[in-house]
Protein chains: 2
Amino acid sequence: MSKKRQQLIDTALQLFYQRGINSIGINEILTVSGIAKKTLYNHFTSKEELVLAALKQRNDNFIAWLDMSLKEANTDIEVVNKLFNGLSAWFSNSAVELGSFRGCFFINTSAEFSDPSSKISQYCRDHKQQVRQLIAQHLSPSNSELLDTICVLKEGAITMAYVNHDLSMPAKCIKILEKLL
Amino acid sequence: MSKKRQQLIDTALQLFYQRGINSIGINEILTVSGIAKKTLYNHFTSKEELVLAALKQRNDNFIAWLDMSLKEANTDIEVVNKLFNGLSAWFSNSAVELGSFRGCFFINTSAEFSDPSSKISQYCRDHKQQVRQLIAQHLSPSNSELLDTICVLKEGAITMAYVNHDLSMPAKCIKILEKLL
DNA sequence: TTATTGGTAGACAGATCGGTATTCTTTCTG
DNA sequence: CAGAAAGAATACCGATCTGTCTACCAATAA
């Protein structure tokens, strides 16, 4: 649609993800993108709307990356390998589409917004649900136990990569899941 | 030591944990606690110092709660049960010492501070290390694989309880670990 | 008593916040 | 070419941020 609008979203996503939403003011997004304030408020009625657009952009990017990562993974063990090898690549900044790793944008954003009924918190929940669905599509159906296990290990691996600086969890998660299969 | 100082820390921890550090200003802490601004800057040189004191307070509370939760857990399976039943109680606000659940204060705080070399981010890492050590003390020694598994499941369960509003993970983690033992 | 300490209350400074309005220029379209 | 729309640049508004400072009060110690 509008080129300026997309530039704003791209700049906002980059800054919000790297430094946190409450730490980034509208003015910084404007100076970095080189776009006027009037133009921003022409496309978005408030900062919150821009935040939601950035979340949606990140969701689109992430789902596309995950879909590509899981492509042609048909057996459960293949899904596990491709998923956690993908996470490992993300953590070590080898997944260019996802940018420099600073944890999960949706976990981080949830942490900043305390009202769980806000649109922003709800969108973060939606994203996690979409990721879960995508993983489920590649797994043997009706194995919801395995799906739960994969999801909880995934969240743990992301959190430990960011907070603890422990990048070794994806490999360990694969070993855990091998034992369980 | 000083009574006012402790009141400030308690109020700050309550507000920071429930609403996030960047969302709470000094003035709100002062009006809620009923303490004068001069007194605050008598005890702390900056907001950052107060944040660090609040993190330390939360760490003390959490370690004490975890220590009590794991007391008399000597076999691995007992540790697993007590740990994840404890988490479940925390998530459903049955652990009074930990206050109303809003995720892990240290994960949330890490999400707000993007510089991983800041004192605040480092303290969050330290906390996770202390928790890991405490769990390790109750497990059979030199079983670092099990320790890793417990830790990654724990982080995943906390994240999913907060972001996804899924409180069922502790019970599922116990089942997973039963299979692995 | 007098001096000191630790507290309250609140004005103030300087910066930044999200958001609005104005003026001027560019660019696109009929 | 003419007119409309979009954008740039920037001043501005009221609110809020962290942190400093002054003035006053109460209790305590020398």
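Dashed line: the shortest gap from a side-chain N or O of B/H43 to OP1 or OP2 of C/dG7 is under 4.0 Å. Applying the 4.0 Å criterion to OP1 and OP2 of C/dT8, one finds that B/K38 has every side-chain N and O outside that range.
Counting distance only, with no hydrogens placed and no angle test, the side-chain atoms of B/K47 and the base atoms of D/dG19 include no donor-acceptor pair under 3.5 Å.
Among the atoms of the strands shown, none is found under 4.0 Å from any heavy atom of B/L40.
Protein atom CD1 of A/I35 is 15 Å distant from nucleotide atom P of C/dT27, rounded to whole Å. Going from atom CG of A/N22 over to atom P of C/dC17 covers 12 Å, rounded to whole Å. The interatomic distance linking B/I21 (CD1) with D/dT18 (P) rounds to 12 Å, in whole Å. We find that CZ of B/F44 is positioned 15 Å from C1' of D/dT18, with the value rounded to whole Å. Rounded to an integer number of Å, the gap from CG of A/N42 to P of C/dG19 is 15 Å. When rounded to the nearest whole Å, the span between CD1 of B/I24 and C1' of D/dT18 equals 15 Å. The nearest whole Å value for the distance from the CG atom in B/L30 to the C1' atom in D/dT16 is 14 Å. When rounded to the nearest whole Å, the span between CZ of A/R19 and P of C/dT16 equals 13 Å.
In the model, B/D10 has a side-chain atom that pairs as donor or acceptor with a side-chain atom of B/Q6 under 3.5 Å. The closest side-chain donor-acceptor pair between A/N61 and A/Q57 falls under 3.5 angstrom.
For A/T39, counting side-chain heavy atoms from C-beta on, the closest listed nucleotide (C/dT22, D/dG7, C/dG19) is D/dG7. Side-chain atoms of A/A36 lie closest to D/dA8 of the nucleotides C/dC17, C/dG7, D/dA8. Side-chain proximity of A/Y41 to C/dA21, C/dG19, D/dT18: nearest is C/dG19. Checking D/dC17, C/dG19, C/dG7 against every side-chain atom of B/N27, the shortest atom distance belongs to D/dC17.
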> Stepwise, does the side chain to side chain donor-acceptor pair (under 3.5 Å) test hold for B/N108 with B/E112?
Replying inline: CA-CA 7 Å; B/N108 294 350; B/E112 291 198 74; over 6 Å; no
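Along DNA chain C, the nucleotide nearest to A/E28 and the one nearest to B/K4 differ in position, and the one closer to the 5' end is contacted by B/K4.
Using cut-offs of 30° and 60° on the angle between ring planes, the pair A/F91 and A/F101 is tilted.
The pair B/R19-B/E28 meets the salt-bridge criterion, since a charged nitrogen lies less than 4.0 angstrom from a carboxylate oxygen.
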